[in-house]
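Notes follow once the structure below has been shown.
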Amino acid sequence: SQYRARRRFNILIIVPTSLAGQWNSELRKLFGIPSRIITAADKKQAKKEKRQSLFPEDGVYIMGREFASRLEKEKQLGKKSWDLIVVDEAHEVFANIYRRFNTRTGQYKDRSRESTTAGNLFRLLKRTPLLLLTATPIQNNILELWGLSSYILPGTNKSYLGQFNHFKELFIEKGEVKEEKIPELKERANNFLIRNLRVNAQEYMDYKFTQRYCETLNFNMESREKELYEKISNYFDRDDIYAYNTSAMVDLKDQRTGGMRNLLKMSYRRALGSSFSALINSLEGIVERLEQMKAGEFVKVIKAASTDD
């Protein structure tokens, strides 16, 4: 609404395809803003009519992220001068852009095969005023936060969190943020990260959100429970484990092993907090996979490219 009031009408909203209709409906219902969903059918029709552009008029356009990626790869999306681009559920695809950066020099790799959907759109997003929407800016890896920050500061090669290789060196150790660096990381993130609560959206809703209550229950583990918890946690802290990767990648790069280790530790701690039977089932699955690997039954082996950089 602010952009329209300032006579800026060309707005692109990139969403998961399944949410395009919801965006179209809620923009009209909540804000009185008309918008148009662009799909492959529109592209086909434009080609049939020999139109040069899918966006002949000013307005708000909505499209799925995969389709947007294909259009930009074909040099069609960037033909229009966008006043603002909004990306919904940005963490699902776009946070992984960090995989396209050189771990030693921090330079962006245009020809990387990693995160191709985000890669096709990176230059466009980088040079355009951008709003990234996500409820989970970090899913499994702190580098995902750096990935989202890399789109900010349009028209520059800078990031609020620094260059990729410098960020890793300054803040990361074994896939986790150095404890003494957490305050600095929070301070930097506050330059581009805005947190909105449910209460901020309530005034736009026709109904009230369900009231939620949070209660913390403390308990003391018995000595045997604590011993088991610590042994499993310590095991996941090791750098030489590989039995948990179903594709048998035993030589992954630092940023991926760190994220995988954090995710596994979280999963098995949940199993520990659930029940011993849940933990036993999980550990039995690991034993079975180890035995398969030992017997040579793992056919699919993915090797981390040692020359990725």
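What you see below is based on every heavy atom in this structure, not just the backbone, and it leaves out hydrogens, waters and symmetry mates.
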For residues D88 and L19, determine if any side-chain heavy atom of one lies less than 4.5 Å from a side-chain heavy atom of the other. yes
With salt bridge (charged side-chain N to carboxylate O under 4.0 Å, His left out) as the criterion, how do D110 and R100 come out once you've worked through the C-alpha distance, each side chain's angles and the decisive distance to 0.1 Å? CA-CA 7 Å; D110 282 297; R100 298 177 66 92; 5.6 Å; no
Does one hydrophobic cluster hold both Y229 and I280, with members joined at side-chain heavy-atom distances below 4.5 Å? no
Go through it in stages, so that I can follow the logic: the residues are K168 and T103, the test is side chain to side chain contact (heavy atoms under 4.5 Å, CB included), and I'd like the CA-CA distance, side-chain angles, deciding distance and then a yes or no. CA-CA 8 Å; K168 287 185 61 183; T103 56; 4.1 Å; yes
Between the main-chain N or O of R104 and the side-chain N or O of N165, is there a donor-acceptor pair closer than 3.5 Å? yes
Using the side-chain contact (heavy atoms from CB on, under 4.5 Å) criterion, which residues pair with N220? Sequence neighbours excluded. none
Does CD belonging to E57 count more than 12 external heavy atoms closer than 6.0 Å? no
Could you check whether any side-chain N or O of W23 sits under 3.5 Å from a backbone N or O of I14, counting only pairs where one atom can act as donor and the other as acceptor? no
Gap between atom CD of E72 and atom CD of Q76 - 0.5 Å precision: 9.5 Å
Do you know which of R36, K47, K48, R51 makes salt bridge (Lys or Arg N to Asp or Glu O under 4.0 Å) with D42? R36
Quick one: salt bridge (charged side-chain N to carboxylate O under 4.0 Å, His left out) partners of R70, sequence neighbours excluded? none
Can you tell me if K109 uses its side chain to pair, donor with acceptor, with the backbone of N102 under 3.5 Å? no
Could you check whether any side-chain heavy atom of L148 comes within less than 4.5 Å of a side-chain heavy atom of F192, counting everything from C-beta outward? no
Hey, does the side chain of K126 reach the backbone of I152 with a donor-acceptor pair shorter than 3.5 angstrom? yes
From CD1 (I172) to NZ (K178), nearest 0.5 Å: 8.5 Å
Counting only N and O atoms by type, is there a donor-acceptor contact under 3.5 Å from the side chain of R28 to the main-chain atoms of I33? no
Is H166 close to L170 at the side-chain level, that is, under 4.5 Å between some pair of heavy atoms? no
Can S159 and S150 be counted as having a side-chain donor-acceptor contact under 3.5 angstrom? no
Examine distances only and state if a side-chain atom of T134 and a backbone atom of A90 form a donor-acceptor pair shorter than 3.5 Å. no
Should L133 and V15 be counted in the same cluster of Ile, Leu, Val, Met, Phe, Trp and Tyr side chains packed under 4.5 Å apart? yes
Is T39 close to M63 at the side-chain level, that is, under 4.5 Å between some pair of heavy atoms? no
Can you tell if the side chain of L121 reaches within under 4.5 Å of the side chain of F94, non-hydrogen atoms only? yes
If we only count heavy atoms from C-beta on, is the L143 to F164 side-chain gap below 4.5 Å? yes
For E92, side chain to side chain donor-acceptor pair (under 3.5 Å) partners two or more places apart: R65
Might you work through the side chain to side chain contact (heavy atoms under 4.5 Å, CB included) test for R127 and F122, ending with a clear yes or no? CA-CA 9 Å; R127 67 175 184 262; F122 182 70; over 6 Å; no
Taking atom CG of L12 and atom NZ of K80, what is their separation to the nearest 0.5 Å? 10.5 Å
Can you find a heavy atom in the side chain of M221 that is under 4.5 Å from one in the side chain of L228? no
Sort out for me which residue in V87, L27, I85 forms a side chain to side chain contact (heavy atoms under 4.5 Å, CB included) with I13. L27
Please determine whether the number of non-hydrogen atoms from other residues, nucleotides or ligands lying under 6.0 Å from atom NZ of K29 exceeds 12. no
How long is the span from the CG atom in L145 to the CG atom in L185, to the nearest 0.5 Å? 6.0 Å
Rounded to the nearest 0.5 Å, what separates atom CZ in F167 from atom CZ in F101? 12.5 Å
Is a donor from one side chain sitting under 3.5 angstrom from an acceptor on the other, for E49 and Q45? yes
Side chains of D83 and T128: closer than 4.5 Å at any heavy-atom pair? no
Kindly indicate, with the supporting measurements, whether the criterion salt bridge (charged side-chain N to carboxylate O under 4.0 Å, His left out) is fulfilled by R99 and E144. CA-CA 9 Å; R99 295 177 179 173; E144 294 169 351; over 6 Å; no
Set of residues satisfying side chain to side chain donor-acceptor pair (under 3.5 Å) with respect to S35, sequence neighbours excluded: N24
Side chain to side chain contact (heavy atoms under 4.5 Å, CB included) for Y61 and I11? Distances and angles first, verdict last. CA-CA 6 Å; Y61 293 90; I11 299 174; over 6 Å; no
For a salt bridge (charged side-chain N to carboxylate O under 4.0 Å, His left out) check, start with the C-alpha distance between K226 and E222, then their side-chain angles and the critical distance, and finish with the verdict. CA-CA 6 Å; K226 186 176 181 180; E222 296 181 357; over 6 Å; no
Evaluate the side chain to side chain contact (heavy atoms under 4.5 Å, CB included) criterion for residues F55 and K79: first the C-alpha distance (whole Å), next the side-chain angles of each, then the deciding distance (0.1 Å), finally the verdict. CA-CA 9 Å; F55 320 101; K79 289 181 179 179; over 6 Å; no
The complete set of side-chain hydrogen bond (donor to acceptor under 3.5 Å, both in side chains) pairs with one or both residues in residues 186-196, sequence neighbours excluded, reads E184-R188
Sequence neighbours excluded, which residues qualify as salt bridge (charged side-chain N to carboxylate O under 4.0 Å, His left out) partners of E225? none
Ignoring hydrogens and angles, tell me if any N or O in the side chain of N120 forms a donor-acceptor pair with the backbone of T117 under 3.5 Å. no
CG (L71) and CD1 (I38) are apart, to the nearest 0.5 Å, by 9.0 Å
Centroid separation under 6.0 Å, is that true for the rings of F171 and W146? no
